[in-house]
Protein chains: 2
Amino acid sequence: MPSDSKPVARLGQPVRGSRSGQPIMVLFDLLSRRWAMGILWNLAGTPRTFRDLQDRCGSASPSVLNTRLKELRSVGLIENTAAGYALTKTGRDLFAHLEPLGDWAMHWVPTLPPEATED
Amino acid sequence: MPSDSKPVARLGQPVRGSRSGQPIMVLFDLLSRRWAMGILWNLAGTPRTFRDLQDRCGSASPSVLNTRLKELRSVGLIENTAAGYALTKTGRDLFAHLEPLGDWAMHWVPTLPPEATED
DNA sequence: GCCTGTTGCTACTATTTTCGTAGCGTGCAA
DNA sequence: TTGCACGCTACGAAAATAGTAGCAACAGGC
């Protein structure tokens with residue numbers, strides 16, 4: 001199987017072409033796809049198998065998870081190793097910028113009105 | 001329906017329930033909605049009117065933009081002032097953590113294979 | 001006053017994305 | 001061999017977003 005030569009979701013191709021040309025919009029466009037940030041988050045520190053990732057992403061369906069993994073792989077943020085999916089050097093670099101959001105969220109979420117997060 | 005997959009998550013009105021309970025997932029869930037990050041980005045520094053925001057977000061349709069603005073307002077990240085929509089203190093705080101991504105993206109995007117960003 | 005244009009937004013349908021589940025092929029242990 | 005878990009694909013259904021039209025409110029200009 002040509003694992004990387006498939007027509008897999010171009011970053012802007014689908015219809016989600018949106019950016020105003022700024023690089024940040026390219027990144028936002030990628031990260032704002034479902035589960036993209038969650039995948040990066042869960043891959044930080046240790047490689048994970050497809051199943052493992054699926055479990056950790058709660059309700060991610062295998063089809064979307066697979067699509068997202070291909071996309072992230074096609075832009076070089078993750079790779080598929082013998083140990084499972086893992087962040088590449090670039091991916092770890094991006095994660096370093098994402099990580100502070102975790103701490104921020106930990107302080108922020110409890111301040112939300114219950115109806116906004118009601119779980 | 002299994003009791004562990006509740007109807008979750010009404011941040012605004014939609015039903016994108018997902019998180020695994022971790023605060024970061026609540027934040028990711030919010031930020032990964034279309035235009036959410038772009039709105040925060042464009043609101044940084046100066047308040048903007050609805051129209052202005054719409055222009056800057058390229059193809060954001062007014063209906064989605066309006067929905068997103070309501071959501072962001074309901075969690076206290078932005079507010080509607082006389083001068084237009086603006087980040088709240090909390091919003092500016094979050095933006096401070098988002099901003100480094102802009103620099104990172106500026107270096108990263110040019111390294112992408114053309115077919116990944118092809119517009 | 002009336003006309004014209006802009007802004008902020010809602011309503012509605014069309015299109016795209018994501019979900020949910022079934023199922024296939026491989027490997028592996030019983 | 002049977003059974004089972006994994007990695008993934010297929011496909012119809014549901015949800016989110018796009019795209020466009022349109023309305024009320026306001027600001028000139030006449």
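Reminder, nothing fancy here: chain letters follow the sequence lines and each chain counts from 1.
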Please determine whether a side-chain nitrogen or oxygen atom of [X] lies at a distance below 4.0 Å from atom OP1 or OP2 of [N].
{"X": "B:Asn80", "N": "C:dT7", "value": "no"}
{"X": "A:Arg33", "N": "C:dT18", "value": "no"}
{"X": "B:Arg34", "N": "D:dA18", "value": "yes"}
{"X": "A:Tyr85", "N": "D:dC8", "value": "yes"}
{"X": "A:Arg51", "N": "D:dG7", "value": "no"}

In whole angstroms, how far is the [atom2] atom of [N] from the [atom1] atom of [X]?
{"X": "B:Gln54", "N": "D:dA21", "atom1": "CD", "atom2": "P", "value": "14 Å"}
{"X": "A:Ile39", "N": "C:dT18", "atom1": "CD1", "atom2": "P", "value": "11 Å"}
{"X": "A:Leu69", "N": "C:dT18", "atom1": "CG", "atom2": "C1'", "value": "15 Å"}
{"X": "A:Leu31", "N": "C:dT17", "atom1": "CG", "atom2": "C1'", "value": "17 Å"}
{"X": "A:Lys70", "N": "C:dT17", "atom1": "NZ", "atom2": "C1'", "value": "16 Å"}
{"X": "B:Arg48", "N": "C:dG8", "atom1": "CZ", "atom2": "C1'", "value": "17 Å"}
{"X": "B:Leu65", "N": "D:dA18", "atom1": "CG", "atom2": "P", "value": "10 Å"}
{"X": "B:Phe50", "N": "D:dA24", "atom1": "CZ", "atom2": "P", "value": "18 Å"}

Mind listing the closest non-hydrogen atom pair of [X] and [Y] along with its distance?
{"X": "B:Ala60", "Y": "B:Gln54", "value": "O-CG, 3.7 Å"}
{"X": "B:Pro23", "Y": "A:Ala105", "value": "CB-O, 3.6 Å"}
{"X": "B:Phe50", "Y": "B:Pro62", "value": "CZ-O, 3.7 Å"}

Would a line drawn from the ring center of B:Phe28 to the ring center of A:Trp35 be shorter than 6.0 Å? no
Reading DNA chain D from 5' onward, which residue's closest nucleotide shows up sooner: A:Asp52 or B:Pro62? A:Asp52
Please work out if B:Ser63 contacts a base, only the sugar-phosphate, or nothing of the nucleic acid, heavy-atom cut-off 4.0 Å.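 Base contact - B:Ser63 has a heavy atom under 4.0 Å of at least one base atom.
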With side chains defined as the heavy atoms from C-beta onward, is the minimum distance between A:Ile24 and B:Asp103 less than 4.5 Å? no
Between D:dC8, C:dC19, C:dC9, which nucleotide has the shortest distance from any of its atoms to the side chain of A:Val64?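 Output: C:dC19.
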